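Here is the structure we will look at.
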Number of protein chains: 2
Amino acid sequence: MAYTYKYPKADHTVDAVVFGIDFDEAALKILLIERAREPFKGNWALPGGFVEMDEDLEAAVIRELREETNIRLSYMEQLYTFGAPGRDPRGRVISTAFLGLVQPGHIAIQEGSDAAKAIWWNVNELPGLAFDHAEIIKTGVQRLRSKISWQPVGIELLPDEFTLSDLQQACEIILGRTIDKRNFRRKVLKFGVLAPTGNVRKENYRPAQLYQFDKKRYALLQKQGIDFEV
Amino acid sequence: MAYTYKYPKADHTVDAVVFGIDFDEAALKILLIERAREPFKGNWALPGGFVEMDEDLEAAVIRELREETNIRLSYMEQLYTFGAPGRDPRGRVISTAFLGLVQPGHIAIQEGSDAAKAIWWNVNELPGLAFDHAEIIKTGVQRLRSKISWQPVGIELLPDEFTLSDLQQACEIILGRTIDKRNFRRKVLKFGVLAPTGNVRKENYRPAQLYQFDKKRYALLQKQGIDFEV
DNA sequence: CCAAAAGTGTTCCTGTTACACCCATGG
DNA sequence: CCATGGGTGTAACAGGAACACTTTTGG
């Protein structure tokens, strides 16, 4: 039985649902590539590709992202595995999707050789998508939304130094609703994982205090099973 | 590139972390099989096996469970995909693990041909396990614990008719701590997804009201995004 | 009448929500 | 001095946690 299943075999791929925030447009963005080859040549799709034989799944996503877009993630986690027969016209392809986040400083896309082009798309204005990638993205957005209300995910979408207004705006963009400023600040400061850097950001008006995220303290609190609700 | 990856290919398997509650022992149990073949012949492992080419991942788990144990699940969801190179001595094997729950009436194991034998093990007293199955189980237990505090998962581990004490005991076994009876009852009744059947269970002492779960109402409330905390 | 499990309310406390004004800066 | 975003406190409310006794049955 089992042991005799040598051929035929399914292919295994990875796909990346990569989120970034565009503060100018106040929009949640997702990274898509225009497919350079069949199937679905010319259509938009998630970055991803085939897993190599001696390569971890996570490593495969990172490699594919580098090849196709040269982007650097600040966070990544496994999302879900999509394996319905027929989801890929080439044959049986099982794909493990990952959720990735990038900081604004690293959203610049350096085009690689694999993909014709890579572009950030507004999550609410997506084009038609190849394969079952629309479903994968839907799953990714759900995960991101549910995650942000109990983990400081917003941090991974911000630069190293950020103002509390930045953080609030990130959360608002992801959740798609406004949050009360005073309540928000009280909550995020309560845990003590945000530390003022002493620097301020001067833009047009009153300067804003810059904060950084204390990863060590967060890891410590997380180990104690403390919740982080926003 | 990608398109040229025809051989070699990884194998793809599914594994099932199946939970059941043993009310006599007041213990959370997990279903394991003794492997009938190499590798790890004679060791204990999760039920599972290779995915067929035209078969959904979920269908593969259900089939393997039927072949190996003939057990019927009351609930199933995808857990995580384990794909580290070297996790299987036979070569590259990527495995998608599922979490399954069975009701007490269906915990009887009818041995199949594939597995030497299948046995329910106390989650706290597991034997040495084949492959990376110890890690998979750990992931499964975490998921079950986190799930039970916001979804009526306990239901799936109980018979169709049950008392509130049964439900509470199920939650206590999973969470590994005691719960206040009055608070528990108030909470689970508040949502209106439990309906008294009118029957009572007479055992030794005072008879207990039997309840059933209103799946329709639950689905309705869930669609409205209502939380179910225990 | 005793043992054992079923069943039932209230109080306190914590955390969430709602809400409006002053401050610092640049132009 | 005006426009703009930065920054702050309090009061009402809801939900969670802690807590003990009465009821029903079988033996």
Side-chain angles (χ1 to χ4, degrees), chain A residues 23-26 148-152 154 158-159 161-173 175 177-212 221 224-230, chain B residues 23-24 26 146 148-152 154 158-159 161-173 175-212 221 225-230:
Chain A
F23 283 93
D24 296 330
E25 297 184 25
I148 201 172
S149 29
W150 59 278
Q151 277 183 11
L158 294 169
E161 277 196 336
F162 52 89
T163 68
L164 294 185
S165 296
D166 292 340
L167 182 57
Q168 179 175 349
Q169 202 188 346
C171 291
E172 287 177 339
I173 288 169
L175 293 173
R177 62 178 178 86
T178 57
I179 305 172
D180 181 84
K181 188 165 37 162
R182 285 161 292 186
N183 294 338
F184 180 80
R185 285 167 186 240
R186 189 162 353 113
K187 259 194 201 165
V188 299
L189 290 176
K190 187 175 52 177
F191 302 110
V193 296
L194 298 183
T197 62
N199 306 326
V200 293
R201 178 197 297 165
K202 286 194 177 185
E203 254 167 21
N204 294 327
Y205 308 104
R206 176 173 175 176
Q209 178 60 246
L210 286 165
Y211 288 81
Q212 61 190 1
L221 292 175
Q224 295 168 14
I226 308 226
D227 270 2
F228 293 84
E229 269 204 33
V230 180
Chain B
F23 283 93
D24 296 328
S146 75
I148 202 172
S149 27
W150 59 280
Q151 277 182 10
L158 294 169
E161 278 195 336
F162 52 89
T163 68
L164 293 185
S165 296
D166 291 341
L167 182 57
Q168 178 174 348
Q169 202 188 345
C171 291
E172 287 178 339
I173 288 170
L175 293 172
R177 62 179 176 86
T178 57
I179 306 172
D180 180 84
K181 190 166 35 163
R182 285 160 294 187
N183 293 339
F184 181 80
R185 284 168 187 241
R186 188 162 354 106
K187 259 193 200 164
V188 298
L189 289 177
K190 188 175 54 178
F191 303 110
V193 295
L194 297 183
T197 61
N199 306 327
V200 292
R201 178 198 296 166
K202 285 194 176 185
E203 253 165 25
N204 294 325
Y205 309 105
R206 176 171 176 175
Q209 178 60 245
L210 286 164
Y211 288 81
Q212 61 190 1
L221 292 174
I226 309 225
D227 269 2
F228 293 85
E229 268 205 31
V230 181

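Throughout, protein chains are lettered first and strands after them, A, B, ... in sequence-line order, and every chain is numbered starting at 1. Here the structure is a predicted model, which means the values were calculated and not measured. Basis for what follows: all heavy atoms, side chains included, without hydrogens, waters or symmetry-related copies.
Straight-line distance from the NZ atom of B:Lys187 to the P atom of D:dA18: 11 Å, rounded to whole Å. Between the CZ atom of A:Phe184 and the C1' atom of D:dT8 there is a distance of 16 Å, given to the nearest Å. Between B:Glu172 atom CD and C:dA5 atom C1' there is a gap of 14 Å when expressed in whole angstrom units. Distance, A:Asn204 CG to C:dA24 P: 18 Å, rounded to whole Å. In this entry the distance linking CD of A:Gln168 with P of D:dG5 reads 13 Å, nearest Å.
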List the steps and the verdict of side chain to side chain contact (heavy atoms under 4.5 Å, CB included) for B:Leu167 and B:Phe184.
-> CA-CA 9 Å; B:Leu167 182 57; B:Phe184 181 80; 3.7 Å; yes

Does the side chain to side chain contact (heavy atoms under 4.5 Å, CB included) test come out yes or no for B:Ser146 and B:Gln151, once each step is laid out?
-> CA-CA 9 Å; B:Ser146 75; B:Gln151 277 182 10; over 6 Å; no

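One finds the CG atom of A:Asp166 at 10.5 Å from the CD atom of A:Gln168 (value rounded to the nearest 0.5 Å).
When all heavy atoms are compared, the tightest approach of B:Ala208 to B:Thr163 is CB-CG2, 3.6 Å. When all heavy atoms are compared, the tightest approach of B:Val200 to B:Gln209 is CG1-CA, 4.3 Å. Contact between A:Glu161 and A:Thr197 at its shortest, heavy atoms only, is OE2-OG1, 3.0 Å.
Regarding contacts with the backbone of D:dG15, every side-chain N or O of B:Lys190 stays at 4.0 angstrom or more from both OP1 and OP2.
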Footprint string (nucleotides 6-11 of chain C, 5' to 3'): B base within contact, S backbone only, - free, heavy atoms under 4.0 Å | BBBBB-

